[in-house]
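Only one structure is covered here, and it is reproduced in the block below.
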Amino acid sequence: MTAPAIAISGLRKAFGSHTVIDRLDLTVAPGEIFALLGPNGAGKTTTINILTTLVRPDAGSARVGGFDVLTQPADVKRRISLTGQAAAVDDGLSATENLMMFARLAGMDRDAARRRSTELITHFGLADAATRRVRTFSGGMRRRLDLALSFVVTPEVLFLDEPTTGLDTRSRRELWEIIRSLAGAGTTVFLTTQYLEEADQLADRVAVLHDGRIAALGTAAELKARVRGDSVDLHDEHGELLRSIPTDGSVAGVRRALDQLDEQDARGVVSIRRPSLDDVFLAFTEPGAVTTGAAALDPAKEIA
Ligand SMILES: Nc1ncnc2c1ncn2[C@@H]1O[C@H](COP(=O)(O)OP(=O)(O)O)[C@@H](O)[C@H]1O
Ligand SMILES: [Mg+2]
């Protein structure tokens, strides 16, 4: 058996009296795409910061690429790459120049650095702005350059903290493709996301982070099988749920569901409902454990 790419055991981290990570256990296999799913404040960034040696845990251990984050941080750092390095971007240089500089620092020769930079510029949709000073970039462009920088070298383990937050749909899909191809070439990808769909599209396995622990762990398909699926919902004018018909979400399925509605349903308003992050939390956390938002956001919950 090969050693895990990431091995977390009994990990704990508190800020003051606020325990953020609590006895966290997790193993990620080499070449796996692993998604840590959780809402704002769940502890995703804290977990990534511990794994990338930026934050010290209070208890427990974490190994990345076989090396301990506390006792062998330099070995860990050599094997990883992390997004959120925007601070390292030189505003006075162009996107290409920034990428070239990173590539040269990583030890590539001039030709290799230029090739890699050009590839990444294209991949991340920055071709039109390649020679413009980064100072003039929009927030979205900076985000894409930041991501591009983390792909300059192919690391053993790539950490992506909410990689697609702030990206438009097209850039998001392109990034998913890049992540898949990296994983296909053997890189382990550990990403965090607030989007069930993203975890579903990308990840081999998904962990649901709740109260600092893993509330559920499995393939996206396994998790979704335990969550209420798509439905065609009918609400009255007050937003009260009248009917909810399960569907697979396909055109034919939705049509069949609509066919089940009859004349007396005609006054209702139809919507298609997809499982949300809230549904995942409702499905995997104890009744009453979800104290914020979920119930209020989800009128269909009562009949689930
Ligand atoms: N350096 C810090 N000092 C104090 N509290 C922190 C610090 N970093 C994070 N936290 C708190 O820890 C919790 C988890 O934060 P974070 O790991 O950033 O969550 P996520 O990335 O899932 O949104 C939040 O309540 C946040 O306010
Ligand atoms: Mg975060």
Side-chain angles (χ1 to χ4, degrees), residues 33-40 42 44 162-177 179-180 189 191-210 214-304:
I33 304 182
F34 192 92
L36 194 59
L37 183 67
N40 247 330
K44 301 182 297 297
E162 299 199 29
T164 61
T165 297
L167 294 187
D168 59 29
T169 308
R170 203 187 106 226
S171 309
R172 179 171 294 188
R173 288 188 184 281
E174 280 170 3
L175 182 61
W176 288 353
E177 269 316 302
I179 293 172
R180 283 191 196 103
V189 180
L191 66 94
T192 69
T193 183
Q194 299 194 36
Y195 307 117
L196 182 59
E197 193 212 351
E198 181 154 278
D200 184 20
Q201 286 280 331
L202 266 185
D204 298 309
R205 284 189 308 148
V206 184
V208 177
L209 192 60
H210 177 73
I214 303 299
L217 176 68
T219 64
E222 283 165 358
L223 297 194
K224 280 194 358 186
R226 289 171 57 188
V227 176
R228 208 165 82 97
D230 292 5
S231 60
V232 169
D233 288 2
L234 190 74
H235 292 90
D236 70 12
E237 65 269 31
H238 307 297
E240 202 66 37
L241 185 71
L242 301 172
R243 294 187 63 179
S244 180
I245 305 165
T247 166
D248 59 7
S250 69
V251 173
V254 170
R255 190 169 285 141
R256 273 197 302 277
L258 287 173
D259 282 343
Q260 291 181 40
L261 299 175
D262 48 36
E263 224 145 85
Q264 68 183 24
D265 296 318
R267 70 202 163 86
V269 176
V270 169
S271 60
I272 297 175
R273 192 177 162 287
R274 315 217 96 101
S276 66
L277 188 55
D278 289 331
D279 297 317
V280 173
F281 280 93
L282 286 169
F284 292 111
T285 55
E286 285 153 19
V290 180
T291 51
T292 51
L297 283 172
D298 186 359
K301 178 179 151 268
E302 302 309 327
I303 62 138

Hey, does the side chain of Asp204 reach the backbone of Ile33 with a donor-acceptor pair shorter than 3.5 angstrom? yes

Answer yes or no: does atom CG of Leu242 have more than 12 heavy-atom neighbours from other residues, nucleotides or ligands under 6.0 Å? yes

Apply the test side-chain contact (heavy atoms from CB on, under 4.5 Å) to residues Ile245 and Leu261: give CA-CA distance (whole Å), side-chain angles for both, the deciding distance (0.1 Å), then the verdict. CA-CA 9 Å; Ile245 305 165; Leu261 299 175; 3.8 Å; yes

Note, Thr247 side chain near Arg256 side chain (heavy atom, < 4.5 Å): no

May I ask you to decide whether Glu197 forms a salt bridge with Arg173, counting only side-chain N to carboxylate O separations under 4.0 Å? yes

If we ignore hydrogens and angles and just use 3.5 Å, is the side chain of Arg243 paired with the main-chain N or O of Gln260 as donor and acceptor? yes

Rounded to the nearest 0.5 Å, what separates atom CG in Leu217 from atom CG in Leu209? 11.5 Å

Set out, in order, the CA-CA distance, both residues' side-chain angles and the distance that settles side-chain contact (heavy atoms from CB on, under 4.5 Å) for Glu237 and Val269, then state yes or no. CA-CA 7 Å; Glu237 65 269 31; Val269 176; over 6 Å; no

Pairwise distance CD1(Ile179) to OG1(Thr164) - rounded to 0.5 angstrom: 7.5 Å

Strictly distance-based, threshold 3.5 Å: is any side-chain N or O of Thr193 a donor or acceptor partner for the main-chain N or O of Tyr195? yes

For the CG atom of Leu175 and the CZ atom of Arg170, what is their distance to the nearest 0.5 Å? 12.5 Å

Should we say atom CZ of Arg255 is surrounded by more than 12 heavy atoms from elsewhere, each under 6.0 Å from it? no

One pair to check against side-chain contact (heavy atoms from CB on, under 4.5 Å): Leu36 and Ile214. What are the steps and the verdict? CA-CA 9 Å; Leu36 194 59; Ile214 303 299; 4.2 Å; yes

Say whether, by atom type as modelled, one donor and one acceptor occur between the side chain of Lys44 and the main chain of Pro39 under 3.5 angstrom. yes

Closest heavy-atom pair and its distance - Ala203, Phe34: CB-C, 4.5 Å

Provide the closest heavy-atom pair for Glu198 versus Thr192 in the form atom of the first, atom of the second, distance. OE2-O, 4.4 Å

Nearest 0.5 angstrom please: Gln194 CD to Asn40 CG, how far? 4.5 Å

Where Gly218 and Leu223 come nearest, the two heavy atoms and their spacing: N-CD2, 4.1 Å

CG/Leu241 to NE2/His235 distance, rounded to the nearest 0.5 angstrom? 4.5 Å

Donor-acceptor contact present, side-chain Ser244 to main-chain Asp233, <3.5 Å: no

How many angstroms lie between atom CG of Leu196 and atom CG of Leu37, to the nearest 0.5 angstrom? 6.0 Å

